[in-house]
Amino acid sequence: MDRISIRLEQEGPVNAIKMTSQFLHIPLFKVYAFFIDGLMIDTGFAHGRDKFLAFCDTFHPEIVVNTHHHEDHVGNNFWIAKKYGLLPLAHPKTSSYLQTPSQWVPFYRRVVCGCPHPSETGQVDSEIQTRNFRFMVINTPGHTEDHICLYEPNEGWLFSGDLFVSVQVKYLRKGEEIYSIIDSLEKVVVLHPKKMFCCFSGIVDQAEEAIHRKIEYLRNLKKEVEKGLQQGLSTREMQRRLLGRGDRFSFLSAGQFSKENLINAILKAKRG
Ligand SMILES: [Zn+2]
């Protein structure tokens, strides 16, 4: 049975490649990579290698950029470098992660996405020029310390990696810095992006409004957690009241991805 499906969505000259990992036809995980004018943004996850490389053949990549080091964004770096002789570019902190992926990719992610082969990256410049477009590279830490977004000012396109994800996030990965995420969202929203290309949600229209709504949601959540603290509520109780009952991803990911992580990220920043 085919465990990986890959589908192409198009928005003008932008090609969005949606890769889904599934089990018994139940989708477990999805991620988008993008291809525009010779530029490939992220390389999907390792389990989708053959299908992803087949897609690449139709696009002829000339420049490859990773938005951050997570295994679902760099999964085929090694194979792209080998096949096309391209050195993927990324934030300077990305390279050390990619030398030893087996040391930090959690077990549940290996099962669902696969573990990337160790690979090299070069340092991305502050701008990327393709034949028809110019992309500004913006440091946007929070989801990870090495996260970057690409912004095309003439078109109003924001390639947001995992910065946005969705407005009302209820789960957080361990190690994410919630206040850095808010700062990074504020950094990109002032650019007035028109369209966002998100690695989780795909193509998002009215990008500026969506980012404003997310900032407001997170600020409000912070206020509610502060209120909960004053009332002496436990983390578990705040989680239940603010994010709803249950935390099934926490169980499946052995606590790597959970509602509790989101509450704790707010509490940690408050105490810090
Ligand atoms: Zn990520």
Side-chain angles (χ1 to χ4, degrees), residues 16-21 27-34 40-48 52 64-77 88-116 119 121 124 137-150 158-185 187-188 196-204 211 214 218 249-250 252-259 261-262 264-265:
I17 304 165
K18 183 184 181 185
M19 196 184 275
T20 308
S21 172
L28 297 176
F29 186 81
K30 64 169 178 179
V31 72
Y32 282 86
F34 299 96
M40 171 150 285
I41 300 167
D42 287 343
T43 66
F45 49 77
H47 279 345
F52 190 76
V64 179
V65 173
N66 296 131
T67 57
H68 61 297
H69 71 270
H70 280 160
E71 65 287 338
D72 46 327
H73 300 259
V74 303
N76 297 298
N77 274 25
L89 305 173
H91 188 281
K93 287 183 177 167
T94 304
S95 66
S96 64
Y97 288 102
L98 300 199
Q99 282 160 23
T100 53
S102 60
Q103 288 183 12
W104 55 264
V105 177
F107 175 74
Y108 82 102
R109 308 278 290 187
R110 283 177 206 216
V111 173
V112 174
C113 300
C115 187
S119 62
T121 50
V124 69
V137 176
I138 305 161
N139 287 329
T140 46
H143 176 70
T144 59
E145 59 174 354
D146 64 339
H147 195 284
I148 57 169
C149 290
L150 303 187
L158 180 68
F159 292 85
S160 57
D162 277 349
L163 171 62
F164 174 74
V165 181
S166 65
V167 172
Q168 296 201 354
V169 286
K170 294 196 170 176
Y171 293 84
L172 210 65
R173 230 173 128 138
K174 215 168 218 165
E176 290 193 64
E177 304 272 349
I178 197 77
Y179 292 130
S180 298
I181 291 175
I182 295 174
D183 289 346
S184 291
L185 288 165
K187 202 191 254 189
V188 295
M196 183 158 47
F197 298 91
C198 167
C199 289
F200 180 79
S201 292
I203 300 156
V204 179
I211 297 168
K214 169 140 191 172
L218 290 176
F249 289 116
S250 177
L252 294 171
S253 67
Q256 289 288 326
F257 187 64
S258 71
K259 291 181 178 176
N261 289 346
L262 178 51
N264 280 336

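Counting starts at 1 for both ligands and their atoms, following the listed order.
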_N, O or S atom within Asp162 nearest to the Zn ion (ligand 1), by name_ = OD2
*Should we count CZ of Phe29 as having more than 12 external heavy atoms under 6.0 Å?*
yes
*Is there a donor-acceptor contact under 3.5 Å from the side chain of Asn261 to the main chain of Leu172?*
yes
*Metal proximity, Asp72 vs the Zn ion (ligand 1), N/O/S cut-off 2.8 Å*: no
_Closer than 2.8 Å to the Zn ion (ligand 1): does that hold for any N, O or S atom in His73?_
no
*Side-chain donor or acceptor of Thr67 paired with backbone N/O of Ile148 under 3.5 Å*: no
_ND1 (His70) to the Zn ion (ligand 1) to NE2 (His68) angle, given to the nearest 10 degrees_ = 100°
*So does His143 have any N/O/S atom less than 2.8 Å away from the Zn ion (ligand 1)?*
yes
*Is a side-chain N or O of Lys187 found less than 3.5 angstrom from the main chain of Asn139, in a donor-acceptor match?*
yes
_Residue from His73, Arg173, Glu176 passing side chain to side chain contact (heavy atoms under 4.5 Å, CB included) with Asp162_ = His73
